[in-house]
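First up is the structure itself, then whatever we jot down about it.
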Number of protein chains: 2
Amino acid sequence: MKAHSATSEDAITSHGIRLTPQRRYVYEALMEKRDHPTASEVFMRAKARMPSISLATVYNCLDALTESGLIRQVYCERGSSRYCPNLVPHGHFFCKTCGVVFDVPIDPAQEASWEFPEGTQLEHVEITLRGLCPACAQKQTTSLL
Amino acid sequence: MKAHSATSEDAITSHGIRLTPQRRYVYEALMEKRDHPTASEVFMRAKARMPSISLATVYNCLDALTESGLIRQVYCERGSSRYCPNLVPHGHFFCKTCGVVFDVPIDPAQEASWEFPEGTQLEHVEITLRGLCPACAQKQTTSLL
DNA sequence: TATGAGATCAAGAATTATTCTAAAACAAAA
DNA sequence: TTTTGTTTTAGAATAATTCTTGATCTCATA
Ligand SMILES: [Mn+2]
Ligand SMILES: [Mn+2]
Ligand SMILES: [Zn+2]
Ligand SMILES: [Zn+2]
């Protein structure tokens with residue numbers, strides 16, 4: 001039985017960083033649910049498969065994967081940052097009540113022309129929507145009765 | 001000589017929070033340069049005018065002003081959050097090298113229709129552009145020669 | 001004007017996510 | 001196989017923020 005999918009190995013090596021078991025487990029912890037876990041959530045998932053892995057290593061691996069462009073780091077709020085394995089350009093909805101984060105498709109036309117000073121080098125546009133997720137919006141409406 | 005502009009007093013009281021000297025100094029510290037200072041930068045500016053003010057109070061005031069909608073809190077990166085007194089809808093450019101933050105006008109059409117699950121309650125769209133500011137882009141190009 | 005309730009302030013302790021440090025394990029190159 | 005550089009690990013250190021608690025202030029009302 002194979003412990004790792006060939007695709008995650010390929011993904012890592014093809015992004016120019018050395019393949020290590022820890023990086024594989026960390027990457028797979030992100031792929032396995034495709035949500036937006038914090039570093040310590042990733043740590044718990046990876047630990048389930050590799051009990052010896054350390055939190056420091058999870059941070060190192062997340063950094064390496066982010067640097068190499070294989071995953072994205074997302075700052076939705078103060079406190080912990082989150083990680084996203086979805087490489088297709090997209091925005092994030094963040095629920096200010098329960099903290100859930102989910103992907104939001106962005107209209108390609110959205111990548112409009114921005115006006116800023118001559119000489120600025122734009123690398124990346126980040127769109128964050130804030131509000132209440134359906135579950136929290138529901139609860140709030142109900143409690144107002 | 002008046003210590004405070006009437007407009008900042010009006011702004012605070014009209015936003016439904018109690019006017020206190022500390023809140024006025026904090027608000028004016030933000031208005032005075034219209035950049036995007038961190039809490040401790042605000043603390044230093046406010047302290048210059050009111051030496052007795054404490055950092056905890058600066059945090060309290062920034063919270064109160066943010067809650068009341070008079071200023072905006074901006075998360076551009078891990079580490080300190082920044083504050084912005086510009087209430088006109090706009091995005092932020094963040095230089096990943098020097099950390100400078102500046103306002104970027106957004107096309108009203110940008111406030112497009114977003115697709116997300118039924119029942120979601122959108123409150124606010126946040127747009128962050130990342131890259132190199134003109135000064136840092138210049139330096140980088142030069143050093144590559 | 002006196003007084004009581006609640007809001008705000010201040011100092012310092014506590015928290016939390018992250019980053020750093022240094023040593024051991026590992027991997028690839030010579 | 002030695003050398004060299006990279007990665008992992010545990011634990012210490014850091015930095016921004018939040019919490020706690022008592023003092024102070026403000027406002028409404030007696
Ligand atoms: Mn995502
Ligand atoms: Mn701004
Ligand atoms: Zn929610
Ligand atoms: Zn810069």
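Each chain gets a letter, A, B and so on, in the order the sequences are listed, and its residues count up from 1. Keep in mind that this is a model prediction, so the values were computed, not measured. Values below: every heavy atom of this structure, side chains too, minus hydrogens, waters and symmetry copies.
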For C:dC9, does either OP1 or OP2 sit under 4.0 Å from a side-chain N or O belonging to B:T20?
yes
With no hydrogens and no angle check, is any side-chain donor or acceptor of B:R45 less than 3.5 Å from a backbone partner on B:A29?
yes
To the nearest angstrom, how far is A:Q22 atom CD from D:dT9 atom P?
5 Å
With A:T120, the side-chain contact (heavy atoms from CB on, under 4.5 Å) member among B:P134, B:C136, B:C133
B:P134
Is it the case that over 12 heavy atoms from other parts of the model lie below 6.0 angstrom from the CD atom of B:E115?
no
Using the ring of each side chain (for Trp, its six-membered ring), is B:H92 parallel, tilted or perpendicular to B:H36, with breaks at 30° and 60°?
perpendicular
Measuring to OP1 and OP2 of C:dA10, would you say a side-chain N or O of B:T57 lies under 4.0 angstrom away?
yes
Phosphate contact (C:dT18 OP1 or OP2) by A:S81 side-chain N/O below 4.0 Å:
yes
I need the OH-C1' distance between B:Y75 and D:dT17, as an integer number of Å.
11 Å
Is there a side-chain polar atom (N or O) of B:S80 under 4.0 Å from OP1 or OP2 of D:dT17?
no
Are A:F93 and A:F102 close enough that their ring centres sit under 6.0 Å apart?
yes
When the nearest nucleotide of DNA chain D is assigned to B:L55 and to A:I17 on a heavy-atom basis, which residue is associated with the more 5' position?
A:I17
Starting at atom CD of A:E77, determine the distance to atom P of D:dT17, rounded to an integer number of angstrom.
13 Å
Report the distance from atom OH of A:Y59 to atom C1' of C:dT18, rounded to the nearest whole Å.
5 Å
Please determine if a side-chain N or O atom of A:R23 lies less than 4.0 Å away from the OP1 or OP2 oxygen of D:dT7.
yes
How long is the line joining CD of B:E67 and P of C:dA7, in whole Å?
15 Å
Could you check how far CD1 of B:I53 sits from P of D:dT24, rounded to whole Å?
18 Å
Closest-nucleotide mapping onto DNA chain C: is B:R78 or B:M50 further toward the 5' terminus? I mean the 5' end.
B:M50
Separation of C:dC9 atom C1' from B:L62 atom CG, nearest Å, is 14 Å
Round to the nearest Å and state the distance from A:N60 atom CG to D:dT7 atom C1'.
8 Å
Could you check whether A:S52 gets within reach of a base, just the sugar-phosphate, or nothing at all, counting any heavy atom under 4.0 Å?
sugar-phosphate
